[in-house]
Amino acid sequence: MSETRTTFGFNRTECACAECALNCRFISGYLIPTDLAAIADQLGFDNLLAFALENLLASPGATVMANGELFQIPTLVPARQANGACKFLTSDNRCAIHVVSPYGCSHFDVHQSNAEADERSLAGLSAIVREWVRGGLYARIWMVLHSTDLVALSSLEAKARLLRTLTELDEM
Ligand code: SF4
């Protein structure tokens with residue numbers, strides 16, 4: 001029997017409904033530092049930079065408010081297919097790396113309350129902030145990807161692309 005994956009004390013989610021899968025097509029989830037080795041290992045890479053160059057993008061990340069000030073937390077996210085979907089989304093709308101999918105995917109779904117999602121986000125983004133503060137591998141990989149133009153759309157741009165697609169589908 002397989003054990004439920006737990007991160008920061010939160011159990012992973014399993015929903016693969018159409019609404020949740022929309023995120024895979026438009027706004028894929030972010031990696032936390034421990035996701036790097038887990039996904040690289042699953043894909044057979046023993047070099048994290050080579051893994052990142054082939055599979056990840058540097059995202060502008062999340063904008064958060066703390067102590068009355070806005071902060072930007074840059075994140076690593078999966079690279080995208082030519083159609084904009086996550087590179088790990090299969091043709092039958094499944095995740096090709098489900099077992100080790102990034103924290104930003106595996107621990108969230110659209111059915112959670114805002115409070116639950118916020119609590120999970122705080123834990124994930126705090127781990128990323130710690131990497132930036134200490135100049136950890138996560139931050140250094142982000143800078144390499146960014147400097148080689150392997151960059152993701154901002155979440156605002158990705159949401160706009162999602163809304164445009166939904167509007168076009170509505171008008172058909
Ligand atoms: S890694 Fe998997 S769950 Fe996350 S966006 Fe890509 S396909 Fe979806």
Side-chain angles (χ1 to χ4, degrees), residues 2 4-8 10 12-16 18 20-63 72-110 117 120-121 123-162 165:
S2 65
T4 303
R5 180 175 156 197
T6 301
T7 313
F8 307 125
F10 301 113
R12 74 160 301 151
T13 58
E14 294 286 351
C15 187
C20 283
L22 266 184
N23 283 326
C24 305
R25 289 181 51 206
F26 294 93
I27 312 165
S28 46
Y30 61 84
L31 283 74
I32 56 171
T34 51
D35 287 329
L36 281 169
I39 302 173
D41 191 49
Q42 174 83 2
L43 296 177
F45 284 84
D46 53 16
N47 180 311
L48 287 185
L49 182 58
F51 154 70
L53 286 166
E54 206 171 301
N55 293 285
L56 302 181
L57 296 174
S59 166
T63 308
Q72 194 68 24
I73 304 173
T75 57
L76 293 167
V77 296
R80 312 203 72 85
Q81 305 175 32
N83 65 6
C86 171
K87 79 168 284 181
F88 299 117
L89 185 64
T90 64
S91 55
D92 57 350
N93 269 348
R94 309 299 295 188
C95 176
I97 56 166
H98 174 73
V99 177
V100 291
S101 58
Y103 178 78
C105 308
S106 57
H107 286 68
F108 296 83
D109 69 37
V110 300
R120 290 171 177 238
S121 285
L125 293 174
S126 297
I128 295 171
V129 167
R130 285 194 290 276
E131 280 287 282
W132 280 100
V133 169
R134 70 185 187 91
L137 190 60
Y138 188 98
R140 284 181 278 134
I141 285 178
W142 189 97
M143 287 190 282
V144 171
L145 298 187
H146 192 262
S147 69
T148 41
D149 246 3
L150 289 168
V151 294
L153 295 179
S154 70
S155 57
L156 277 181
E157 291 169 312
K159 279 178 190 151
R161 197 171 71 84
L162 167 60
T165 304

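The figures here come from the full heavy-atom set of this structure, side chains too, leaving out hydrogens, waters and symmetry mates.
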Minimum side-chain heavy-atom gap C95-C24 below 4.5 Å
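No, too far: nothing below the 4.5 Å cut-off.
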
Tell me every residue that passes side-chain contact (heavy atoms from CB on, under 4.5 Å) with L150, counting only those two or more places apart in sequence or in another chain.
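Once residues adjacent in sequence are excluded, the partners of L150 under the side-chain contact (heavy atoms from CB on, under 4.5 Å) criterion are L53, L57, L145, T148.
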
If the condition is side-chain contact (heavy atoms from CB on, under 4.5 Å), which residues does N23 pass it with, not counting sequence neighbours?
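If we apply the side-chain contact (heavy atoms from CB on, under 4.5 Å) test to N23, skipping adjacent residues, the hits are I27, V110.
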
Residues two or more places apart in sequence or in another chain: which of them pass side chain to side chain donor-acceptor pair (under 3.5 Å) with T7?
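Residues passing side chain to side chain donor-acceptor pair (under 3.5 Å) with T7: H107.
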
Using modelled atom types only, decide if a donor and an acceptor are shared between the side chain of T13 and the backbone of S106 within a distance under 3.5 Å.
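Judged by distance alone, yes, a pair lies under 3.5 Å.
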
Once salt bridge (charged side-chain N to carboxylate O under 4.0 Å, His left out) is applied, what residue pairs with a partner in residues 131-140 remain, sequence neighbours excluded?
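Pairs touching residues 131-140 that pass the test: E131-R134.
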
Give the table of side-chain donor-acceptor pairs shorter than 3.5 Å for residues 86-93, with sequence neighbours excluded, one pair per line with atom names and distance.
unit_1	atom_1	unit_2	atom_2	d
K87	NZ	E54	O	3.2
K87	NZ	N55	OD1	2.8
T90	OG1	D92	OD1	2.5
T90	OG1	R94	N	3.0
T90	OG1	R94	O	3.1

Does D46 CG have over 12 foreign heavy atoms under 6.0 Å away?
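No.
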
Could you pull out all donor-acceptor pairs under 3.5 Å where a side-chain atom in residues 28-42 meets a protein atom, sequence neighbours excluded?
unit_1	atom_1	unit_2	atom_2	d
S28	OG	R80	NH1	3.1
D35	OD2	I32	N	2.9
D35	OD2	Y103	N	2.8

Enter the distance from D109:CG to E14:CD here, rounded to the nearest 0.5 Å.
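One gets 10.0 Å once the value is rounded to the nearest 0.5 Å.
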
If you round to the nearest 0.5 Å, how far is OG1 of T75 from CH2 of W132?
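Separation between the atoms: 9.5 Å.
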
For W142 versus S59, what's the shortest heavy-atom pair and its separation?
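Minimum heavy-atom contact is NE1-O, 3.0 Å.
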
